[in-house]
Amino acid sequence: MTQDTTGFIHRFEPGPDTTRPLMLLHGTGGDENDLLPLGRMVAPEAALLAPRGGVSENGMPRFFRRLAEGVFDEADLRRRTGDLAAFVAASRARYGLGAPLALGFSNGANIAASLLMLRPETLTGAVLIRPMVPFAEPPAADLAGRPVLILSGAMDPIVPVENARRLAQQLSASGARVEHRILPAGHGLSQADVSQALAWLRSLPGPEAA
Ligand code: MLT
């Protein structure tokens with residue numbers, strides 16, 4: 001566990017591929033350790049960067065505040081998206097990394113979507129597992145050609161598929177190359193998420209061609 005000047009407790013796992021590291025963003029109640037095994041499975045060569053969300057909701061770490069389940073404190077989300085972008089910049093300098101691709105689950109997927117919208121230069125793309133629309137009014141962003149994989153659960157009790165479709169449309173309208181797949185799953189991670197993310201990441205061109 002390491003804490004840096006940007007205040008994020010995090011784990012860094014080196015890998016031979018430092019040109020396109022994977023940034024792992026956990027769900028509510030998770031931490032920096034949760035997604036490291038998943039990251040290693042879907043990107044065996046990549047350096048892995050995993051911060052812990054700085055908000056505590058009754059002791060459960062999150063990346064931003066919410067007013068109720070699925071109702072976000074958008075001012076806090078904006079501020080913390082900036083903090084996460086600063087963490088990425090500091091980590092790139094510290095560990096000698098290229099711009100990361102984010103892999104986020106649930107609350108982590110939601111701040112990854114916010115990063116794409118507010119600070120598009122921070123990420124080369126994203127795997128968003130069970131995300132939802134982060135802002136009532138989507139900020140204008142230029143995501144020209146950025147690859148984004150959205151994995152939704154057909155039986156997800158927290159995120160209606162229609163909401164994830166809206167996010168896919170918003171990101172596509174900003175120029176991202178979005179693939180949205182609806183899996184026979186609920187809100188939790190499933191084996192299908194692992195195999196879909198692995199195959200999609202393998203299909204991407206290298207960062208220099210992206
Ligand atoms: C959120 O708060 O980001 C979403 O409701 C997903 C969750 O973390 O449960």
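Note that ligands are numbered from 1 as they come in the structure, with each ligand's atoms numbered from 1 the same way. Residue numbers start at 1 and run along the sequence shown.
- Ionic pairing of Arg65 and Asp76 is present here: one or more N-O contacts between side-chain nitrogen and carboxylate oxygen are shorter than 4.0 angstrom.
- In terms of protein heavy atoms, atom 9 (O) of ligand 1 is closest to Arg66 NH1, 3.3 Å.
- Contact annotation: Phe72 has at least one heavy atom less than 4.0 Å from an atom of ligand 1.
- A donor-acceptor pair under 3.5 Å is formed between the side chain of Glu74 and the backbone N or O of Ala136.
- Each of the atoms 7 (C), 8 (O), 9 (O) of ligand 1 lies under 4.0 Å from some heavy atom of Thr28.
- Taking all atoms of both residues into account, the shortest heavy-atom contact from Pro138 to Met117 is CB-CE, 4.5 Å.
- Ligand-side atoms of ligand 1 in range of Arg62: 1 (C), 2 (O), 3 (O), 8 (O), range being under 4.0 angstrom from any heavy atom.
- Considering backbone and side-chain N/O of Asn107, one or more are found under 3.5 Å from N/O of ligand 1.
- The backbone N or O of Leu149 sits nowhere less than 3.5 Å from a side-chain atom of His180 that would complete a donor-acceptor pair.
- Shown here for Trp200 and Arg181, the closest heavy-atom pair between the two residues is CD1-NH2, 4.1 Å.
- A pairwise comparison of heavy atoms in Val159 and Arg130 identifies CG2-O, 3.9 Å as the closest pair.
- Here the protein heavy atom with the shortest distance to atom 4 (C) of ligand 1 is Asn110 ND2, 3.6 Å.
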> So Thr124 and Arg20, side-chain hydrogen bond (donor to acceptor under 3.5 Å, both in side chains) or not? Walk me through it.
Replying inline: CA-CA 8 Å; Thr124 55; Arg20 187 161 54 199; 4.6 Å; no
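- In this structure, atom 6 (C) of ligand 1 lies nearest to the protein heavy atom Ser106 OG, 3.2 Å.
- Ligand 1 has no atom lying under 4.0 Å from any heavy atom of Arg130.
- Distances between N or O atoms of Glu69 and those of ligand 1 include no value under 3.5 Å.
- Within the structure, ligand 1 has Gly70 among the residues with a heavy atom less than 4.0 angstrom away.
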